[in-house]
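In what follows, a single structure is set out as structure tokens and then discussed.
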Amino acid sequence: MGNIDELKSTGLKATLPRLKIMEIFQKGELRHMTAEDVFRVLLLERSDIGLATVYRVLTQFEQAGILSRSHFESGKAVYELNEGRHHDHFVCTSCGKVDEFFDAEIEKRQQIVAKAKGWTVQDHAMSLYGLCADCSKQAGKA
């Protein structure tokens, strides 16, 4: 499905800012981006889309289910394409890098713990904080 069709299927018109921002998430190097990250890419591409428009489009995409939003320790909202598959995150406390992972055993243990406590889990998000491999190497050199 093309970007125009994907937007129309969510009830959103295929405007230039929406198409550009969708393309940034689909083809960009970064999978997890803040509004400021998206805006920087647009500036590099010499686009005249403003930061307020970026925020508005990201909110619309989140409401339409195109993007998922997470809040990590930085306090800034971080967006990624919603591909319909659950995953958890590693977040580097030094450089801010975010990596995804999925572990079936962790997911199973969470359900066991919830059941033992009488809870029914409807959704969850797990983020582990530490140093990525590059920052760990840097820290080892200091």
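Quick caveat, the model's predicted, so the values are computed rather than measured.
Residues meeting the side chain to side chain contact (heavy atoms under 4.5 Å, CB included) test with Ala114, sequence neighbours left out: Trp119, Val121. With sequence neighbours left out, the side chain to side chain contact (heavy atoms under 4.5 Å, CB included) criterion links Thr59 to Gln63. The side chain to side chain contact (heavy atoms under 4.5 Å, CB included) test applied to Glu105 returns Asp103, Lys108, not counting sequence neighbours. Taking the ring pair (Phe, Tyr, Trp, His ring centres under 6.0 Å) definition, one finds that His89 meets it with His32, Phe72, His87, sequence neighbours left out. With sequence neighbours left out, Lys97 forms a side chain to side chain contact (heavy atoms under 4.5 Å, CB included) with Cys92, Cys95, Asp99, Cys132. By the side-chain hydrogen bond (donor to acceptor under 3.5 Å, both in side chains) test, Arg69 is found to be paired with Glu62, residues two or more places apart in sequence or in another chain being considered. When the salt bridge (charged side-chain N to carboxylate O under 4.0 Å, His left out) test is applied to Glu100, the partners found at least two apart in sequence or on another chain are Arg31.
Within the model, atoms CD of Gln60 and CD1 of Ile66 stand 9.5 Å from one another, a figure rounded to the nearest 0.5 Å. To the nearest 0.5 Å, the span separating CG on Leu44 from CZ on Phe39 amounts to 10.5 Å. In this structure, CD on Glu107 lies 4.0 Å from NE2 on His124, to the nearest 0.5 angstrom. Of the inter-residue distances, the one linking Ile49 atom CD1 with Ile21 atom CD1 reads 5.5 Å to the nearest 0.5 angstrom. Here NZ of Lys117 is found 14.0 Å from CD1 of Ile112. Values are rounded to the nearest 0.5 Å. Going from atom CE of Met22 over to atom OG1 of Thr15 covers 10.0 Å, rounded to the nearest 0.5 Å.
Here the closest non-hydrogen pair linking Asp88 and Ala125 is OD1-C, 4.3 Å. The minimum heavy-atom distance linking Ala14 with Leu19 is given by the pair O-CD1, 3.9 Å. Of all the heavy atoms in Lys13 and Leu7, the pair that sits closest is O-CD1, 4.2 Å. Shown here for Ala35 and Val54, the closest heavy-atom pair between the two residues is O-CG1, 3.6 Å. Asn82 approaches Gly65 most closely through the heavy-atom pair ND2-O, 3.1 Å.
A donor atom on one side chain and an acceptor atom on the other are found under 3.5 Å apart for Tyr55 and Glu36.
Residue pairs satisfying the salt bridge (Lys or Arg N to Asp or Glu O under 4.0 Å) criterion with at least one member in residues 40-57, sequence neighbours excluded, are listed as follows: Lys20-Glu45, Asp37-Arg40. Residue pairs that meet the ring pair (Phe, Tyr, Trp, His ring centres under 6.0 Å) test with at least one member in residues 7-31, sequence neighbours left out, do not exist here.
Residue Leu131 belongs to no hydrophobic cluster, having no ILVMFWY side-chain heavy atom closer than 4.5 Å to its own. Summarising the hydrophobic clusters (Ile, Leu, Val, Met, Phe, Trp, Tyr; side-chain heavy atoms under 4.5 Å, direct or chained), the residues clustered with Ile106 are Phe90, Phe101, Met126, Leu128.
In this structure, Glu29 places its CD atom where only 12 or fewer heavy-atom neighbours from other residues, nucleotides or ligands lie under 6.0 Å away.
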(request) Evaluate side chain to side chain contact (heavy atoms under 4.5 Å, CB included) for Val78 paired with His71, printing each intermediate quantity in order. (result) CA-CA 6 Å; Val78 178; His71 287 278; over 6 Å; no

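Put simply, Leu16 and Val41 are part of two different groups of oily side chains (I, L, V, M, F, W, Y) that touch within less than 4.5 Å, one to the next.
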